[in-house]
Amino acid sequence: MAGQEDRPQDRLTRAFFARPVLDVAPELLGCHISHAGVTVRLTEVEAYDGSNDPGSHAFRGPTPRTRVMFGEPGGLYVYFTYGMHWCANLVCGSAGAASAVLMRAGEVVEGLELARTRRPRSSDRDLARGPARLAMALALGRDQNGMDTCATDSVFVVRAREPDRSSRSAVARVRTGPRGGVSGQGGEEGA
DNA sequence: ATACCGATTGGCT
DNA sequence: GCCAATCGGTATC
């Protein structure tokens with residue numbers, strides 16, 4: 001099999017992200033994202049379908065804040081909310097689609113001590129449990145908005161291990177739901 | 001220029 | 001379970 005020979009590990013490429021967000025999101029479960037000395041294994045993600053999704057920041061068209069979402073897939077969209085929290089998304093679909101996957105939760109698999117430093121009052125279990133917590137553990141904030149996870153060594157996502165066919169692995173339990181009502185919060189994909 | 005509100009979290013009842 | 005914290009973005013006047 002002639003595969004790529006020199007992949008850092010199994011880093012997700014732009015082509016991976018450049019597909020419909022509803023296809024990409026489930027595949028992100030179990031993947032590892034690394035930044036600033038900490039690696040997190042994604043256990044819960046949520047897809048936002050750009051201009052088609054009333055719940056998306058991109059629903060009403062591009063703005064200064066959402067410009068990254070309208071950019072290249074593989075980009076990192078980090079936004080500030082509630083006056084104190086940062087949350088991070090991976091941009092998906094073709095450029096201009098403005099779809100993205102919010103990283104809702106994960107487990108720290110590397111850089112535990114560093115992560116503890118960043119979230120001193122948290123139990124190990126909750127270090128990256130929640131979108132703002134995950135961003136904090138990974139030190140993702142204003143300065144990381146717009147970074148290209150496919151092109152820089154600072155931030156990158158590594159493919160999940162081949163799912164175990166025999167036993168139910170983390171990737172097996174995927175809850176998918178199209179967003180029901182405009183006000184509802186459906187559209188979750190988690191493990 | 002001003003007003004409303006949010007893709008949340010942590011602490012308290 | 002409920003609620004305050006805290007401020008940038010977006011819409012509106």
Side-chain angles (χ1 to χ4, degrees), chain A residues 17 19-29 31 33 35-36 38 40-93 96-108 112 114-147 149 155 157 174-191:
Chain A
F17 291 107
R19 294 175 297 139
V21 65
L22 290 178
D23 292 340
V24 177
E27 295 179 31
L28 283 171
L29 293 172
C31 290
I33 178 170
H35 176 254
V38 170
V40 161
R41 173 179 166 275
L42 297 176
T43 57
E44 192 180 341
V45 298
E46 183 167 28
Y48 285 87
D49 199 5
S51 319
N52 304 312
D53 188 343
S56 170
H57 289 164
F59 185 56
R60 310 259 176 195
T63 68
R65 176 222 206 174
T66 60
R67 75 192 155 70
V68 173
M69 266 203 285
F70 286 84
E72 290 293 315
L76 199 60
Y77 168 53
V78 187
Y79 69 91
F80 184 64
T81 191
Y82 287 102
M84 59 191 100
H85 299 303
W86 296 91
C87 300
N89 299 249
L90 296 164
V91 177
C92 297
S99 56
V101 173
L102 172 67
M103 296 181 278
R104 291 201 73 88
E107 314 166 336
V108 175
L112 189 58
L114 243 185
R116 285 173 177 151
T117 295
R118 291 171 184 156
R119 306 204 61 240
R121 311 208 84 205
S122 168
S123 66
D124 284 357
R125 189 192 155 98
D126 286 349
L127 278 175
R129 198 162 220 240
R133 293 166 171 178
L134 181 147
M136 180 64 87
L138 284 171
L140 296 176
R142 175 190 265 126
D143 294 347
Q144 283 66 45
N145 185 39
M147 279 188 155
T149 69
V155 212
V157 188
V174 176
R175 197 181 87 193
T176 303
R179 237 169 246 284
V182 176
S183 51
Q185 169 85 283
E188 269 184 25
E189 330 221 0

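Here is the naming used below: chain letters follow the sequence lines, and residue numbers restart at 1 for every chain.
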Any A/Arg129 side-chain nitrogen or oxygen under 4.0 Å from OP1 or OP2 of B/dT9: no

Any A/Arg121 side-chain nitrogen or oxygen under 4.0 Å from OP1 or OP2 of B/dG11: yes

Quick one: [X] [atom1] to [N] [atom2], roughly how many Å, whole number?
| X | N | atom1 | atom2 | value |
| --- | --- | --- | --- | --- |
| A/Arg142 | C/dT6 | CZ | C1' | 14 Å |
| A/Arg67 | C/dT10 | CZ | P | 11 Å |
| A/Phe59 | C/dG9 | CZ | P | 21 Å |
| A/Met69 | B/dA7 | CE | P | 10 Å |
| A/His57 | B/dC5 | NE2 | C1' | 11 Å |
| A/Asn145 | B/dA7 | CG | P | 15 Å |
| A/Arg65 | C/dG9 | CZ | C1' | 6 Å |

For DNA chain B, stems built from three or more consecutive Watson-Crick or G-U wobble pairs below 3.5 Å: B:1-6 with C:7-12, B:8-12 with C:1-5

Worked verdict on A/His57 versus A/Tyr77 for side-chain hydrogen bond (donor to acceptor under 3.5 Å, both in side chains): CA-CA 11 Å; A/His57 289 164; A/Tyr77 168 53; 2.8 Å; yes

Please examine the side chains of [Y] and [X], heavy atoms only from C-beta on, and report whether any two atoms are closer than 4.5 Å.
| X | Y | result |
| --- | --- | --- |
| A/Ile33 | A/Leu42 | yes |
| A/His35 | A/Leu140 | yes |
| A/Asn145 | A/Leu76 | no |

Pairs touching residues 58-74 of chain A that satisfy side-chain hydrogen bond (donor to acceptor under 3.5 Å, both in side chains), sequence neighbours left out: A/Thr63-A/Thr66

Sugar-phosphate, base or nothing in reach of A/Arg119, heavy atoms under 4.0 Å: sugar-phosphate

Under 3.5 Å: donor-acceptor pair, side chain of A/Arg118, backbone of A/Ala137: yes

A/Arg41 side chain to A/Glu107 backbone, donor-acceptor under 3.5 Å: no

Closest listed nucleotide, where the reference is the side chain of A/Arg133 and the choices are B/dG10, C/dA11, B/dT8: B/dG10

Side chain of A/Thr63 (C-beta onward), nearest among B/dA7, B/dT9, C/dT10: C/dT10

Close approaches to DNA chain B from residues 80-93 of chain A, in residue order (heavy atom, under 4.0 Å): A/Tyr82, A/Gly83, A/His85, A/Asn89

is_close_aromatic(A/Phe80, A/His85), centroid dist under 6.0 Å: no

More than 12 heavy atoms of other groups within 6.0 Å of A/Arg19 CZ: yes

